[in-house]
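Quick note on labels: first sequence line is chain A, next is B, and so on, each numbered from 1.
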There are 2 protein chains.
Amino acid sequence: MPASPDLDDISFLGRLAEALSTRIEEQTRDLFADAGIVIPVRSCSLLTALRHAGEASAAELARTLGQSHQLVVQKCPALLRLGLITQHADPVDARRKLFRLTDEGAAQMALLDTYTAGISAVYERLFEETGDTHAVLLKTLKALDARPLRERVAAIP
Amino acid sequence: MPASPDLDDISFLGRLAEALSTRIEEQTRDLFADAGIVIPVRSCSLLTALRHAGEASAAELARTLGQSHQLVVQKCPALLRLGLITQHADPVDARRKLFRLTDEGAAQMALLDTYTAGISAVYERLFEETGDTHAVLLKTLKALDARPLRERVAAIP
DNA sequence: TATACAATATATTGCGCAATATATTGTATA
DNA sequence: TATACAATATATTGCGCAATATATTGTATA
């Protein structure tokens, strides 16, 4: 829905990145709807991590995903409501609550798997059109992490 | 703060774009703080449009910016509180409320102007390192607008 | 003029995220 | 053992945005 941001302003790059992010999320949601996948797009990586771990606490998932613990905890109620995961007390550490995929959750991930190769192929072809968006984004992010805008601007004569 | 997203998952590109967007916003905020610029980063384009228009209603600004009218309206109270803009009833159309930059708002934009060339130079040098992030993002956004992921995936044999 | 419609503004709700504070439980150390 | 600290979870608040509904005012048309 949002138009491409115009360029006559200092925040053009951030707004462009945000526009791309929201566009991809919208279109992925549409794709999922077509495919009968009920996984919230923003929880894909969480469920992938959980499938890989088998069983994990919110704190573990957060570390794996590089997200905050609070954010993971905030996503879980929706996943519980959708019947994709279950929650158990850890028998050996009462501080922890462990999450697991349900059968339904595993089935949804399996359904997602059937699209993974196709989606990867789509992105590869897209990047042939546009330049390697993935590589460029990653390089830009790393460059800004290595040396933030403030330092770069301060170094201008 | 958020780490670079990992890649073993279908939402990698969206998460990467979002990470870049938030990184740029954070770093621009830091830059503004150093420079004594009190403009909210996400209102830069609004104030730029308002300066250009001289005087404009929320609906006009929304059209100019390609944002929703509601979003523009939501940003204005903060800008009023900061003393950057003022609000007036339109004498010829009672539906409209017109916004203008205050002297302080104009001064802040002038202060921002003194950094614009430097920031542009920084981005140009950054893009020499990373590939032309701006062009690649724009191309990717346009490609997805022209043909959404759903169609692209459906066309895979 | 009266009525329907368009344009504008406002209010409410919800999502996803960040930041902060607090409570609970486990672990290490005096 | 007692105490301090670490790890984990929970609750609250706020921001920025999207979506939706409603009220108000202007404009076009019967």
Side-chain angles (χ1 to χ4, degrees), chain A residues 1-3 5 11 14-15 17-30 39-46 55-82 87-99, chain B residues 1-3 5 11 14-15 17-30 39-46 55-82 87-99:
Chain A
M1 187 71 83
S11 60
R15 290 189 295 134
E18 195 186 353
L20 181 60
S21 159
T22 62
R23 198 75 91 261
I24 290 173
E25 191 190 346
E26 288 166 2
Q27 296 193 359
T28 305
R29 193 161 37 228
D30 291 344
I39 297 170
V41 176
R42 297 187 101 99
S43 294
C44 273
S45 58
L46 195 161
E55 179 176 76
S57 70
E60 282 170 350
L61 290 169
R63 277 191 296 271
T64 303
L65 298 168
Q67 295 179 346
S68 73
H69 165 258
Q70 288 90 331
L71 184 53
V72 171
V73 163
Q74 213 165 4
K75 287 176 176 177
C76 287
L79 301 177
L80 287 163
R81 240 186 298 115
L82 287 166
Q87 196 181 32
H88 312 271
D90 184 333
V92 302
D93 186 340
R95 289 174 305 180
R96 287 152 45 96
K97 293 190 177 172
L98 297 174
F99 296 100
Chain B
M1 189 72 81
S11 59
R15 290 189 296 134
E18 194 187 354
L20 181 61
S21 160
T22 62
R23 198 74 93 261
I24 290 172
E25 191 190 346
E26 288 167 2
Q27 297 194 357
T28 306
R29 192 159 39 226
D30 291 344
I39 297 170
V41 176
R42 298 186 99 100
S43 295
C44 272
S45 57
L46 194 161
E55 178 174 77
S57 69
E60 282 170 348
L61 289 169
R63 277 191 296 272
T64 302
L65 298 169
Q67 295 178 347
S68 73
H69 166 257
Q70 289 90 330
L71 185 52
V72 171
V73 163
Q74 213 166 4
K75 286 176 176 176
C76 287
L79 300 177
L80 288 163
R81 241 185 297 115
L82 286 166
Q87 195 182 32
H88 312 270
D90 184 332
V92 303
D93 185 341
R95 289 174 304 178
R96 289 153 42 96
K97 293 189 178 175
L98 297 174
F99 297 101

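Between A:S68 and A:V92, it is A:S68 whose nearest contact on DNA chain C lies nearer the 5' terminus.
Summarising the base pairing, D:dT12 is matched to C:dA19 through a Watson-Crick or G-U wobble pair whose two defining distances lie under 3.5 Å. With both pairing distances under 3.5 Å, D:dT27 is matched to C:dA4 as a Watson-Crick or G-U wobble pair.
For the OP1/OP2 pair of C:dT8 and a distance below 4.0 Å, the side-chain nitrogens and oxygens of B:R63 include at least one atom meeting the criterion. A close approach under 4.0 Å does not occur between any side-chain nitrogen or oxygen of B:R96 and OP1 or OP2 of D:dT24. Regarding contacts with the backbone of C:dC15, every side-chain N or O of A:K75 stays at 4.0 angstrom or more from both OP1 and OP2.
Listed here is the closest heavy atom pair of B:V73 and B:P77: O-CD, 3.0 Å. Contact detail for A:R42 and A:K75: the closest heavy-atom pair is O-NZ, 2.9 Å. Between B:C76 and B:F99 the shortest heavy-atom distance is SG-CZ, 3.7 Å. Across every non-hydrogen atom of B:V41 and B:E25, the tightest pair is CG1-CG, 4.1 Å.
Taking atom CG of B:L71 as the reference point, atom C1' of D:dT20 lies 15 Å away to the nearest angstrom. Remark: C1' of C:dT8 and CZ of B:R95 are 6 Å apart, rounded to the nearest angstrom. The CD-P distance, from B:Q70 to C:dT12, rounds to 14 Å in whole Å. Put simply, CD on B:E25 is 12 Å from C1' on D:dC17, counting in whole angstrom units.
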